[in-house]
Protein chains: 2
Amino acid sequence: MSSATASGTASDPTASVPSGAAGPADPDRTARSRIRDAAITRFAADGVAATSVRAIAEEAGVSPPLVMHHFGSKDRLRVACDQHVAALVRERKHEVVAGSSGLDPVAALRTYDEGPPLLAYLARTLIDGSPHVAELVDEMVDDAVAYMAEGEANGMLTPTDDPRGRATVLTLWSLGALVLHDHAQRLLGVDLAGDPARSMDYFLPALDILGRGVITPEAFARIDEGFRNSSDTTTDDEGRA
Amino acid sequence: MSSATASGTASDPTASVPSGAAGPADPDRTARSRIRDAAITRFAADGVAATSVRAIAEEAGVSPPLVMHHFGSKDRLRVACDQHVAALVRERKHEVVAGSSGLDPVAALRTYDEGPPLLAYLARTLIDGSPHVAELVDEMVDDAVAYMAEGEANGMLTPTDDPRGRATVLTLWSLGALVLHDHAQRLLGVDLAGDPARSMDYFLPALDILGRGVITPEAFARIDEGFRNSSDTTTDDEGRA
DNA sequence: CAGACTGCTGAACATGAGTTCAGCCACCGC
DNA sequence: GCGGTGGCTGAACTCATGTTCAGCAGTCTG
């Protein structure tokens, strides 16, 4: 148990067996991995608090006590899910390296089709404070900073006074849209946690915003000046983006 | 009970009594409103599923059965909270009219200091699918479309092919950042669900992105062309923002 | 074949959940 | 004073949850 802390691929033989497109109840996979993936699926769909151990056991096709046998408690199972998802995300990240641009920190994960719903799990657990997921977000910001610095050097991205601030806000926006994928589905008909090919109605406006800007240069200069002035005093009624 | 269905301001005398900065346990307010505000506070802090009726009753300084007496069930209490928050949000929205720009659909709510934590409640319930909150999001998008059309006419905002798409994505980003306010706190030290004056490290990069753009015109033209070509075929490896 | 060990289960336990019920208490019209 | 009424509570009920325990089938070791 303590040997599969970070990777989940090399040391733990039950971790990520890519045996084709194996469903959660595939009897060929070990019960432990089926339970873990079932938990990820249910946590992603209903949230951690609203998911019972019995529901996870049923989804995995095992008995509830087996869940305890393998993971000790629901809370430790949740930690195992966090760690497994974090490991898979890092794995994906390293595979894609820096193929596409770094403006969408979730891009690398969208290529993940088989296996547990990574993006939906992230979207859920981003908001009920797991330290492992928070760590993952920090890494995504770091990656975005690095990618964008590269893009800036390549002349693809505009320079900025505050590269880390810009990368952080863009990461928050991208993850935030992912978290709100239900609303994105309703409003735009896209599936941000699923097939990226069916998310063009999100990506095209996003590209438009990031590429052509939203505020005209004249208005921006005016607002920016007001902002910087109000940030010196204690006035807070001035400019608000 | 049936008289306070939608508004909570005009018909229900216990709804929004602005009696100074009244805490949740202020004995001067009616038990019903104290219970409702206590529920909003606890739902905002811990989520709906993880909050017990007993915890709400304790926060409101009443007994658990009184919660049932006034609201019938936990689920109906949650609906009442949704409706009350939606009513307060609409109230705030109409007060501020269109004073500041429409780029931040949450701006009008940030001025709300006293009373239950509206923004934190929204941040929580945005992700566990309440129809009332979804309706509210739809209205925010509509408002953003209207505000931005006005800004476009005034020459403050750049024109775009897809005004609704742009407004929708910006709304999703703004709300998404709000939902991730814990991460924004950790990464930027800002409090997006609280005092806007202490959120400059978020607003300034956001303004920079929206004002000056992120992608250089040349790179944007290249990516945009690749995007539009790939949207015709079934290729999905081409462009990804 | 005996024994032990692993993977796993059915039944049960304890706790906390949402909810119900009978009844208290202050107030109000008569 | 007095019956009634509405706001409110203590205690209890029912149910689902996380968890435990004794024991099953199969397999490996000797």
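Quick note on labels: first sequence line is chain A, next is B, and so on, each numbered from 1. Since this is a predicted model, take the numbers as computed values, not measurements.
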Residue from B/H181, B/Q185, B/R186 passing side-chain hydrogen bond (donor to acceptor under 3.5 Å, both in side chains) with B/H183 =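 With B/H183 as partner, side-chain hydrogen bond (donor to acceptor under 3.5 Å, both in side chains) holds for just one option, B/R186.
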The side chain of [X] lies closest to which of these nucleotides: [options]?
X     : options               : answer
B/S52 : C/dG18, C/dT9, C/dT19 : C/dG18
B/L66 : C/dC8, C/dA17, D/dT9  : D/dT9
A/H70 : C/dA17, C/dT9, C/dC8  : C/dC8
A/P65 : D/dT20, D/dC8, D/dT9  : D/dT20

Just checking, is any N or O donor in the side chain of B/R36 or B/H84 under 3.5 Å from an acceptor N or O on the other one?
->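 Indeed, the side chains of B/R36 and B/H84 share at least one donor-acceptor pair under 3.5 Å.
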Distance only, no hydrogens: is a donor on one side chain within 3.5 Å (strictly under) of an acceptor on the other, for B/T168 and B/T171?
->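 No pair is found: no donor N or O on one side chain lies under 3.5 Å from an acceptor on the other.
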[X] [atom1] - [N] [atom2] separation (whole Å):
X     : N      : atom1 : atom2 : value
B/H69 : D/dG7  : NE2   : C1'   : 6 Å
B/M68 : C/dA17 : CE    : P     : 14 Å
A/R78 : D/dT17 : CZ    : P     : 19 Å
A/R42 : D/dT17 : CZ    : P     : 11 Å
A/I56 : C/dC8  : CD1   : P     : 17 Å
B/R34 : D/dG7  : CZ    : P     : 13 Å
A/I35 : C/dT9  : CD1   : P     : 8 Å
B/R29 : D/dC8  : CZ    : P     : 13 Å

Taking OP1 and OP2 of C/dC8, is either one under 4.0 Å from a side-chain nitrogen or oxygen of A/S63?
->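 No, because none of the side-chain N or O atoms of A/S63 sits under 4.0 Å from OP1 or OP2 of C/dC8.
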Give, for atom CZ of A/R124 and atom SG of A/C81, the distance between the pair rounded to the nearest 0.5 Å.
->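 Going from CZ on A/R124 over to SG on A/C81, the span is 14.5 Å.
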For residues A/I35 and A/R32, determine if any side-chain heavy atom of one lies less than 4.5 Å from a side-chain heavy atom of the other.
->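 No, every pair of side-chain atoms sits at 4.5 Å or beyond.
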How do A/P64 and A/R54 order along DNA chain C: which one's closest nucleotide is nearer the 5' end?
->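 Final value for this comparison: A/P64.
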